[in-house]
Amino acid sequence: MTETPDFPQPGILFRDLSGLFADGPSLRAVAGALLDGFGEMDAVVGVEARGFVLGTAAAVNAGLGMLAVRKAGKLPGDVLTESYDLEYGTAALQVHPDTLPAGSRVVIVDDVLATGGTLAATLRLMERAGWRVVGIAVVIELVDLGGRAALEALTDAPIEALLTL
Ligand SMILES: O=P(O)(O)OC[C@H]1O[C@H](OP(=O)(O)OP(=O)(O)O)[C@H](O)[C@@H]1O
Ligand SMILES: Nc1ncnc2[nH]cnc12
């Protein structure tokens, strides 16, 4: 992991996992660990963009599919949309509500839990689509930013971080 001060804006210490993604044994180890300890699930949900790398790796490792939650404007047709704030800005996420059957059990995967805005918006999308979140998995949790409490206000699902900073 690298840490870059004042990126993408002043005051933000940016944690980048590109090196881990590019290293085969590291990516395999993280893919194997991310879904550890959760119960049965039907699919993995990955949040654009870094969550796609980790979500797909974890899903393939577990023999499951990966459902993409995308930044607004990328998915055609009928979509659900949730806007949110994150540590360095505002954005919106979208999903196709008919990708999985209602009641499907999903684990959401992303690289970093900071303020929790991104994953909270993802939780709201899952609820609106009728899917049951049985876990949230991240590589890094930035504890001081309080994201865990924000998510615990929305879900009883376990939240697992491989590394807390
Ligand atoms: O807990 P939060 O404050 O919401 O921040 C965490 C989110 O921020 C980053 O995504 P970013 O929107 O930068 O997108 P990227 O993966 O496309 O780089 C990161 O990958 C998480 O999704
Ligand atoms: N400090 C940070 N580093 C990397 N990704 C982030 N997403 C939100 N905050 C972040």
Side-chain angles (χ1 to χ4, degrees), residues 1-23 26-27 29-31 33-35 38 41 43-61 66-76 79-96 99 106-129 131 133-165:
M1 180 190 69
T2 61
E3 294 187 318
T4 306
D6 299 321
F7 181 88
Q9 26 181 272
I12 303 293
L13 180 59
F14 190 80
R15 273 74 172 206
D16 182 36
L17 292 175
S18 298
L20 182 150
F21 295 164
D23 181 72
S26 300
L27 183 61
V30 168
L34 270 172
L35 302 181
F38 297 113
M41 66 195 81
V44 175
V45 171
V47 186
E48 187 168 357
R50 292 172 258 160
F52 287 178
V53 179
L54 294 166
T56 302
V60 169
N61 183 68
M66 203 289 287
L67 182 143
V69 167
R70 299 218 60 182
K71 298 276 169 64
K74 303 289 186 181
L75 288 175
V79 291
L80 302 174
T81 305
E82 287 286 339
S83 299
Y84 62 99
D85 296 320
L86 72 160
E87 196 188 3
Y88 39 71
T90 300
L93 291 172
Q94 295 183 325
V95 74
H96 277 304
T99 315
V106 300
V107 171
I108 304 171
V109 170
D110 206 353
D111 63 334
V112 175
L113 169 58
T115 64
T118 304
L119 288 171
T122 305
L123 282 171
R124 296 194 297 272
L125 287 174
M126 299 298 106
E127 181 172 5
R128 289 173 62 194
W131 303 321
V133 176
V134 297
I136 298 172
V138 297
V139 177
I140 298 170
E141 176 181 358
L142 305 178
V143 175
D144 290 349
L145 293 177
R148 180 177 289 267
L151 300 181
E152 285 173 346
L154 299 176
T155 183
D156 291 331
I159 303 164
E160 301 295 343
L162 299 183
L163 182 64
T164 51
L165 296 175

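Whatever order the structure lists ligands and atoms in, that order sets their numbers, starting from 1. One-based numbering along the sequence shown.
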[atom]: which protein heavy atom is closest, and how many Å away?
atom: atom 6 (C) of ligand 1; answer: V112 O, 3.4 Å
atom: atom 22 (O) of ligand 1; answer: D110 OD2, 2.5 Å
atom: atom 3 (N) of ligand 2; answer: R15 N, 2.8 Å
atom: atom 10 (C) of ligand 2; answer: E87 OE1, 3.3 Å
atom: atom 20 (O) of ligand 1; answer: D111 OD1, 2.6 Å
atom: atom 5 (O) of ligand 1; answer: A114 CB, 3.7 Å
atom: atom 3 (O) of ligand 1; answer: T115 OG1, 2.6 Å
atom: atom 14 (O) of ligand 1; answer: K71 NZ, 3.0 Å
atom: atom 13 (O) of ligand 1; answer: Y88 OH, 2.5 Å
atom: atom 7 (N) of ligand 2; answer: Y88 OH, 3.3 Å

Taking every non-hydrogen atom, the tightest pair across [X] and [Y]:
X: L13; Y: E3; answer: CD1-CB, 3.9 Å
X: A121; Y: L93; answer: CB-CD1, 4.2 Å
X: V109; Y: G55; answer: CG1-N, 3.7 Å
X: A114; Y: E87; answer: CB-OE1, 4.1 Å

- [ ] Determine whether the side chain, the backbone, both or neither of T118 has a heavy atom under 4.0 Å from any heavy atom of ligand 1.
- [x] both
Open item on the list: Checking contacts here: is it the side chain or the backbone of L86 that comes within 4.0 Å of ligand 1, counting heavy atoms only? Could be both or neither.
Closed with: both
Task: Interfacing atoms of ligand 1 (cut-off 4.0 Å, heavy-atom, E48) - done: 16 (O), 17 (O)
- [ ] May I ask you to list the atoms of ligand 1 that are less than 4.0 angstrom from any heavy atom of E87?
- [x] 3 (O)
Euclidean distance, [Y] [atom2] relative to [X] [atom1], rounded to 0.5 Å:
X: D111; Y: F21; atom1: CG; atom2: CZ; answer: 5.5 Å
X: T115; Y: D144; atom1: OG1; atom2: CG; answer: 13.0 Å
X: R124; Y: M126; atom1: CZ; atom2: CE; answer: 11.5 Å
X: N61; Y: L35; atom1: CG; atom2: CG; answer: 7.5 Å
X: T118; Y: I108; atom1: OG1; atom2: CD1; answer: 11.0 Å
X: T4; Y: I12; atom1: OG1; atom2: CD1; answer: 12.5 Å

Task: E3 and ligand 2 - part of the residue with a heavy-atom distance under 4.0 Å - done: neither
Can you name the atoms of ligand 2, numbered from 1 with element, that are less than 4.0 Å from a heavy atom of [X]?
X: A114; answer: 8 (C), 9 (N)
X: R50; answer: 4 (C), 5 (N)
X: L13; answer: 1 (N), 2 (C), 3 (N)

TODO: May I ask which of R15, R50, E141 has a heavy atom nearer to atom 9 (C) of ligand 1 than the others do?
DONE: R50
- [ ] Could you tell me whether the side chain of R70 and the main chain of H96 form a donor-acceptor pair under 3.5 Å?
- [x] no
Task: Proximity flag A91 to ligand 1, non-hydrogen atoms under 4.0 Å - done: no
Open item on the list: Quick check on L142 - does any of its heavy atoms sit under 4.0 Å from an atom of ligand 2?
Closed with: yes
Open item on the list: Out of the candidates I140, I159, V143, only one should pair with L113 under the side-chain contact (heavy atoms from CB on, under 4.5 Å) rule; please name it.
Closed with: I159
So for ligand 1, is [X] a polar contact partner (N or O within less than 3.5 Å, distance only)?
X: Y84; answer: no
X: V47; answer: no
X: D85; answer: no
X: L113; answer: no

Open item on the list: Is it the case that over 12 heavy atoms from other parts of the model lie below 6.0 angstrom from the CD atom of E48?
Closed with: yes
Open item on the list: Atom CG of residue position D6 - does it have more than 12 heavy atoms of other residues, nucleotides or ligands inside 6.0 Å?
Closed with: yes
Task: Parallel, tilted or perpendicular: rings of Y88 and F14 (30°, 60°) - done: tilted
